[in-house]
Amino acid sequence: MSGALLTDLYELKMAASYLRHDMTGQATFSLFARKLPPSRGFLVTAGLAACLDFLESFSFDRDDLAYLADVEKLPPETVELFRKLRFTGDVWAMPEGQVVYAGEPLLEVTAPIAEAQLVETVLLNHMTFQTSVATKAARCVLAAGGADLIDFAFRRTQGIDAAMAVARTTAIAGFSATSNVEAARRYGLQAVGTMAHSYIEAFGDERTAFETFALDHGGITTFLVDTYDTVAGVRAVIDVVRRLRLPGTVGVRLDSGDLAQLARKARQLLDGSGLQEARILASGGLDEYAIADLVAQNAPIDAYAVGTKVGVSADAPYLDSAYKLVEYDDCPVMKLSPGKITAPGKKQVFRGLYADVVGLRSEKAPPGHVPLLVAVMREGHRLTPAEPLAEVSKRCAAALARLPEAARALHEPVPPPVRQSPSLTRLCTQVRAALAAA
């Protein structure tokens, strides 16, 4: 499947109309979040790599064209125009892992209008979902206070493709590993896993299950200890480790109950048995709020495995994102719909110490500010190879470290102000006046 039909029908109808009327002027569309969810004081950008992959390979194959002709009843001349279509445009974007706020473009596409229109749906899908998850994951990282975080979301995400994206975006945010083996292979991540309760139940005896697992999988071994009685499970682990003299680091996983209390008890038992290096992993319905609560209780937890609530960004599962035309054929345009006004022209975002400025791409950065949007694609081709995930993660860590306390707050966060540059404000006024006079 080429992917060209991964779009909404009205995009195809608009593109067909542009092509039939020889409307080939360059159009710039801006993709941004109109506002942040109430529980968010920032966003972390993710999804750009998937967008660029899509744009580079965009085309209509034989089956696509046959469907458009036979089912959608497009005339032969229109089908022929689609046959020749490729994405030949330019893209400016926020690098993945960057912190952004409402009203700031995550990316801008400039291409012949039919091309730029047809790619809207996929770009919004990638950027909206992956940015939502990356932001949720980043909040977990901030809450964890330096403890390791592991992606356990695969079985609860809304689709296989989503699971792959979640593994990658949580790595951008700073997660150290994933349970998703294919994602680990594809993205060069660390795959980790322990065992399920079914494994222990299948043996009937907890010690036998632990011993068998340890002998089959030597080295670093983490034991799930809450199948029957958590404290007894920790004691069984200690017994097995002593008898087998297991090499490498061992750990216990707590998946239910009062995790703070059980972690303290497990730490006491492990340390008292000479296993001071043993790690404690917590899991079971965790998110940034639960993690922050455990940290506040000084729970001796070394790592958190988070799944469902991060994989679907449970408390903010969508963004009010938009992909809007801001310039066509060198003419700035804007939308004046109540509550959905857009600013005209190609944009740049200038980051300052205390506030951001959204301005025109053609203007210079205000004093003390740096531009964030960079050219990533020209004439349908990437300008540089895909960025290593480790570099994206470093960028995210640096951006999170610079976040104001009010923006990183888990409850009632306040993002820093974002204002328009004087040049952009003047352009808005001019375009409004022109529309009123038309």
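Worth saying up front: this structure is predicted, and the values here are computed from it rather than measured.
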Decide yes or no for [X] and [Y]: does some side-chain heavy atom of the first lie under 4.5 Å from some side-chain heavy atom of the second?
{"X": "Met334", "Y": "Lys324", "answer": "no"}
{"X": "Thr88", "Y": "Glu379", "answer": "no"}
{"X": "Ile301", "Y": "Leu294", "answer": "yes"}
{"X": "Thr221", "Y": "Phe213", "answer": "yes"}
{"X": "Ser393", "Y": "Ile172", "answer": "no"}
{"X": "Val295", "Y": "Tyr304", "answer": "yes"}
{"X": "Leu123", "Y": "Thr121", "answer": "no"}
{"X": "Val234", "Y": "Lys265", "answer": "no"}

Assess whether a salt bridge exists between [X] and [Y], defined as any Lys/Arg side-chain N lying under 4.0 Å from an Asp/Glu carboxylate O.
{"X": "Arg419", "Y": "Asp356", "value": "no"}
{"X": "Glu206", "Y": "Arg235", "value": "no"}
{"X": "Glu387", "Y": "Arg395", "value": "yes"}
{"X": "Asp8", "Y": "Lys13", "value": "no"}
{"X": "Asp205", "Y": "Arg207", "value": "no"}

Surrounding [atom1] of [X] (heavy atoms of other residues, nucleotides or ligands, distance under 6.0 Å), is the total greater than 12?
{"X": "Glu277", "atom1": "CD", "answer": "no"}
{"X": "His197", "atom1": "NE2", "answer": "yes"}
{"X": "Arg361", "atom1": "CZ", "answer": "yes"}
{"X": "Arg378", "atom1": "CZ", "answer": "no"}
{"X": "Gln276", "atom1": "CD", "answer": "yes"}
{"X": "Lys335", "atom1": "NZ", "answer": "yes"}
{"X": "Asp161", "atom1": "CG", "answer": "no"}
{"X": "Gln158", "atom1": "CD", "answer": "no"}

Which is it for Asp287 and Val306 under the side-chain contact (heavy atoms from CB on, under 4.5 Å) test, yes or no, and what are the steps along the way?
-> CA-CA 6 Å; Asp287 62 5; Val306 293; over 6 Å; no
Which of Thr222, Thr194, Asp226 passes side chain to side chain donor-acceptor pair (under 3.5 Å) with Arg253? Answer is Thr194
Would you kindly say whether Glu108 and Thr28 are connected by a side-chain donor-acceptor distance under 3.5 Å?
-> no
Compute whether any side-chain donor of one residue and acceptor of the other, for Glu120 and Thr7, lie under 3.5 angstrom apart.
-> no
Phe223 vs Phe210 aromatic rings, parallel, tilted or perpendicular, using cut-offs 30° and 60°?
-> perpendicular
Ring geometry between Phe54 and Phe58 (parallel below 30°, tilted from 30 to 60°, perpendicular above 60°) = perpendicular
Has [X] got a side-chain atom pairing as donor or acceptor with [Y]'s backbone, closer than 3.5 angstrom?
{"X": "Asp320", "Y": "Lys35", "result": "no"}
{"X": "Thr178", "Y": "Ala184", "result": "no"}
{"X": "Gln297", "Y": "Ala260", "result": "no"}
{"X": "Asp64", "Y": "Asp61", "result": "yes"}
{"X": "Lys309", "Y": "Gly307", "result": "no"}
{"X": "Asp148", "Y": "Ser176", "result": "no"}
{"X": "Glu211", "Y": "Thr208", "result": "no"}
{"X": "Ser313", "Y": "Val310", "result": "no"}
{"X": "Asp151", "Y": "Ala153", "result": "yes"}
{"X": "Ser273", "Y": "Leu275", "result": "no"}

Gap between atom [atom2] of [Y] and atom [atom1] of [X] - 0.5 Å precision:
{"X": "Leu106", "Y": "His126", "atom1": "CG", "atom2": "NE2", "result": "14.0 Å"}
{"X": "Ser321", "Y": "Phe32", "atom1": "OG", "atom2": "CZ", "result": "9.0 Å"}
{"X": "Thr110", "Y": "Phe29", "atom1": "OG1", "atom2": "CZ", "result": "10.0 Å"}
{"X": "Leu55", "Y": "Leu118", "atom1": "CG", "atom2": "CG", "result": "11.5 Å"}
{"X": "Glu96", "Y": "Leu52", "atom1": "CD", "atom2": "CG", "result": "8.0 Å"}
{"X": "Arg168", "Y": "Leu389", "atom1": "CZ", "atom2": "CG", "result": "5.5 Å"}

Under the criterion side chain to side chain contact (heavy atoms under 4.5 Å, CB included), which of Val358, Val357, Thr45 is the partner of Glu104?
-> Val358
Can Val376 and Val374 be said to form a side-chain contact (heavy atoms from CB on, under 4.5 Å), step by step?
-> CA-CA 6 Å; Val376 294; Val374 297; 3.9 Å; yes
Give the minimum heavy-atom separation between [X] and [Y], together with the two atoms involved.
{"X": "Leu262", "Y": "Ser256", "value": "CD1-O, 3.4 Å"}
{"X": "Val326", "Y": "Ala343", "value": "CG1-O, 3.4 Å"}
{"X": "Glu115", "Y": "Gly89", "value": "OE1-N, 3.9 Å"}
{"X": "Arg34", "Y": "Gly339", "value": "CD-O, 4.5 Å"}
{"X": "Pro344", "Y": "Cys428", "value": "CD-SG, 3.4 Å"}
{"X": "Leu410", "Y": "Tyr289", "value": "O-CE2, 3.6 Å"}

Would the Phe42 and Tyr101 ring centres measure less than 6.0 Å apart?
-> no
Start with the C-alpha gap between Arg351 and Gln98, add the side-chain angles, then the distance that decides, and say whether side-chain contact (heavy atoms from CB on, under 4.5 Å) holds.
-> CA-CA 11 Å; Arg351 176 139 299 163; Gln98 185 59 269; 3.3 Å; yes
So Gln420 and Thr425, side chain to side chain donor-acceptor pair (under 3.5 Å) or not? Walk me through it.
-> CA-CA 6 Å; Gln420 285 187 351; Thr425 299; 3.1 Å; yes
Test Glu288 against Asp315 for side-chain contact (heavy atoms from CB on, under 4.5 Å), laying out the working first.
-> CA-CA 11 Å; Glu288 68 267 43; Asp315 63 321; 4.2 Å; yes
Begin with the C-alpha distance, continue with both residues' side-chain angles, and end with the deciding distance and a verdict on salt bridge (charged side-chain N to carboxylate O under 4.0 Å, His left out) for Lys347 and Glu327.
-> CA-CA 10 Å; Lys347 309 290 192 311; Glu327 185 174 293; over 6 Å; no
